[in-house]
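Just follow the structure's listing: the first ligand is 1, and inside any ligand the first atom is 1. None of these values were measured; they are calculated from a predicted model.
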Amino acid sequence: MNAPFKNLIAGEWVEGASVNPNINPSNTKDVVGEYVRASKQQAEEAIAAAKAAFPAWARSTPQERYEILKKASDEILARKDELGRLLSREEGKTLAEGVGETVRAGQIFAFFAGECLRLSGEKLASVRPGVEVDITREPVGVVGMITPWNFPIAIPSWKIAPALAYGNCVVLKPADLVPGCSWAIVDILHRAGLPKGVLNLVMGRGSEVGQTILDHKDVDAITFTGSVPTGRKVAAAAVGGTRMKKLQLEMGGKNPLVVLDDADLKVAVEVAVNGAFFSTGQRCTASSRLIVQAGIHDKFVEACVERLKGLVIDDALKPGTHIGPVVDQGQLDQDLKYIGIAKEEGAKLAWGGELLNRETPGFYLQPALFTETTNDMRISREEVFGPVANVIRVQSYDEALAMANDTEFGLSSGICTSSLKYASHFKRNSEAGMIMVNLPTAGVDYHVPFGGRKGSSYGSREQGAYAREFYTTVKTAYTFPG
Ligand code: NAD
């Protein structure tokens, strides 16, 4: 085994307090690498380094920032196959999905390289004679980032890239389960020429390293992606200290996909199976509630089951695998628990839900599709975060829309229909941050805003030019030239 991968603090790679083996969920005998875990004191040192680096970085030129981000983008894209393989090996999504996510990370860095040069302000006439008003955007300061395991390269990238582009310094704590991709991104940015302390990596546990970032007075902003229960703790800590922090939370979903009688059946089945089960259903935007009109219901269920029977669930790195393993034993236990709950609630298992044995020991679970469910069952209301979805039969579009909105969450929602009238009405009236028509609820572009409403999200949007709302603070300056 090679020496453990270290944390980056103040521009130096440093040993941690302990070591964490990164296990391949397709083969638990395969250790992807050993990654150090930071101590509380090291997290504090990282915050101090970011604070010290901030004044100079905030005044760096857009050209300097552009060049570093562009260089990082070029390297990520040039190494997409190797990094995609690392991602699939540590997280378990298929190689095609891993490479796709890596390409997306490269594109995000290229987009925000351009954004460095596009940041603008406004100049307005004052209501008072002879006075000028300038509105400018400045970086927020030290940004603490806490990320989940399910998009190990894309989510750290869509937080780091805008933070750096707009002149902030960063302390990143990636998910303990998947430190490898974050380590690789930080290494690339470090070698691309970032000044010491601008970007710090502190791998480790949420309860220790994450909590230290949340509680520290010198962290100006927190961007968090993860589950609702952790999000609540993050929010409470972020506003609970002596100084309240700017806050952005992206959390769970129970995303509805409505299928109307007039939908193209082939399109609807593809959209549903992709949205619900690809990436092992481990997407915050997964279509876990399939709300299907009575006239198409039976044909839709039958065609979904046929499609599911044809999917290969196997080692993420194997050619031909459609769905990789669940990420770890804890998540697998949660998936099985909800499969049990759905059965107890009276749902009918139309397909799947069995544990699978493959050549290597891994967390292989057949996608599970439930029918005869209602929207008040726990399987319809709570996020499972695995390859588990349920079909709810409805009589009309109006019933479908009301049911789609009857949830605590509001991240993504979709409709399959050939009717412009229903598509337009759904786009206007669906209570979610992202609406998909004849497209899976998961799968978004990198240059437009991403995020939800209701219980799924808090604060301003991520990605695209909208990211500047979080990573900059507005200053209004008045001048009387005399
Ligand atoms: P999680 O909430 O368990 O962990 C997220 C991060 O928080 C991890 O880095 C973890 O170490 C850290 N953490 C845990 N306790 C902490 C504490 N007390 N203080 C500070 N940090 C702490 O989530 P997960 O299991 O890694 O990810 C799955 C969840 O993420 C799902 O709910 C999914 O819907 C959500 N998610 C949301 C989006 C989105 O954009 N809305 C995207 C991806 C994933």
Handout entry: Presence of salt bridge, Arg137 and Glu469, under 4.0 angstrom
Key = yes
Practice task
Quickly, which of Gln331, Lys337, Gln329 forms a side-chain hydrogen bond (donor to acceptor under 3.5 Å, both in side chains) with Asp333? Name it, please.
Solution key: Gln329
Problem - Identity and separation of the nearest protein heavy atom to atom 25 (O) of ligand 1 - result: Trp149 NE1, 2.9 Å
Exercise for the section: Considering the heavy atoms of Leu214, write down every atom of ligand 1 situated less than 4.0 Å from one of them. Expected result: 19 (N), 20 (C)
Practice task
Give a yes/no verdict on whether any heavy atom in Ile155 is under 4.0 Å from an atom of ligand 1.
Solution key: yes
Fill in the blank from the handout: ligand 1 to Gln211, heavy atom cutoff 4.0 Å, flagged ligand atoms 17 (C), 18 (N), 19 (N), 20 (C)
Exercise for the section: Look at Arg85 together with Asp81 and state whether they make a salt bridge at an N to O cut-off of under 4.0 Å. Expected result: no
Handout entry: Protein residue, atom and distance nearest to atom 12 (C) of ligand 1, heavy-atom basis
Key = Ile146 CG2, 3.5 Å
Handout entry: Arg289: which of Asn390, Asn375, Asn255 passes side-chain hydrogen bond (donor to acceptor under 3.5 Å, both in side chains)
Key = Asn375
Practice task
Please work out whether the ring planes of Trp158 and Phe151 are parallel, tilted or perpendicular, with thresholds of 30° and 60°.
Solution key: tilted
Fill in the blank from the handout: Note: ligand 1 atoms sitting under 4.0 Å from heavy atoms of Thr225 are 5 (C), 36 (N), 37 (C), 38 (C), 39 (C), 40 (O), 42 (C), 43 (C), 44 (C)
Exercise for the section: Could you verify whether a donor N or O on one side chain and an acceptor N or O on the other, from Gln282 and Asn150, lie under 3.5 Å apart? Expected result: no
Handout entry: Minimum-distance protein heavy atom relative to atom 8 (C) of ligand 1
Key = Thr147 O, 3.3 Å
Practice task
May I ask you to check whether Lys173 has an N/O atom sitting below 3.5 Å from an N/O atom of ligand 1?
Solution key: yes
Practice task
Please write down residue, atom name and distance for the protein heavy atom closest to atom 14 (C) of ligand 1.
Solution key: Thr230 CG2, 3.5 Å
Exercise for the section: Output yes when Glu462 and Lys159 qualify as a salt bridge under the 4.0 Å nitrogen-oxygen rule, no when they do not. Expected result: yes
Completion exercise
For Gly210, the atoms of ligand 1 under 4.0 Å from one of its heavy atoms are 19 (N), 20 (C), 21 (N)
Handout entry: atom 23 (O) of ligand 1: the protein heavy-atom neighbour that sits closest, reported with distance to 0.1 Å
Key = Ser227 N, 3.4 Å
Practice task
Could you pull out, from Phe224, Phe450, Phe409, the option with a heavy atom nearest to atom 40 (O) of ligand 1?
Solution key: Phe450
Handout entry: Under-4.0 Å salt bridge between Asp30 and Arg89
Key = yes
Handout entry: Cation over ring face, Lys246 and Phe470, 6.0 Å, 45°
Key = yes
Exercise for the section: Starting from atom 22 (C) of ligand 1, find the nearest protein heavy-atom neighbour and note its residue, name and distance. Expected result: Gly206 CA, 3.4 Å
Completion exercise
Any heavy atom of Thr285 under 4.0 Å from ligand 1? The part involved is neither
Practice task
Considering the heavy atoms of Asn150, write down every atom of ligand 1 situated less than 4.0 Å from one of them.
Solution key: 43 (C), 44 (C)
Practice task
For the pair Glu101 (side chain) and Gly98 (backbone), establish whether a donor and an acceptor sit closer than 3.5 Å, ignoring hydrogens and angles.
Solution key: no
Handout entry: Ion pair Glu208/Arg37, N-O distance below 4.0 Å
Key = no
Problem - Pair Arg381 + Asp406: basic N to acidic O under 4.0 Å - result: yes
Fill in the blank from the handout: protein heavy-atom neighbour closest to atom 32 (O) of ligand 1 works out as Glu383 OE1, 2.6 Å
Practice task
Determine, considering heavy atoms only, which of Gly433, Pro179, Gly451, Cys284 sits nearest to atom 36 (N) of ligand 1.
Solution key: Cys284
Fill in the blank from the handout: shortest atom 33 (C) of ligand 1-to-protein heavy-atom contact is with Phe385 CE1, 3.2 Å
Practice task
From atom 35 (C) of ligand 1, work out which of Gly252, Gly226, Gly144, Pro148 has a heavy atom at the shortest distance.
Solution key: Gly226
Exercise for the section: Answer yes when Lys254 and Glu382 have at least one side-chain N-carboxylate O distance shorter than 4.0 Å, and no when they do not. Expected result: no
Problem - Proximity flag Ala175 to ligand 1, non-hydrogen atoms under 4.0 Å - result: yes
Practice task
Mark the output for Asp176 as yes if a heavy-atom distance to ligand 1 is under 4.0 Å, and as no if none is.
Solution key: no
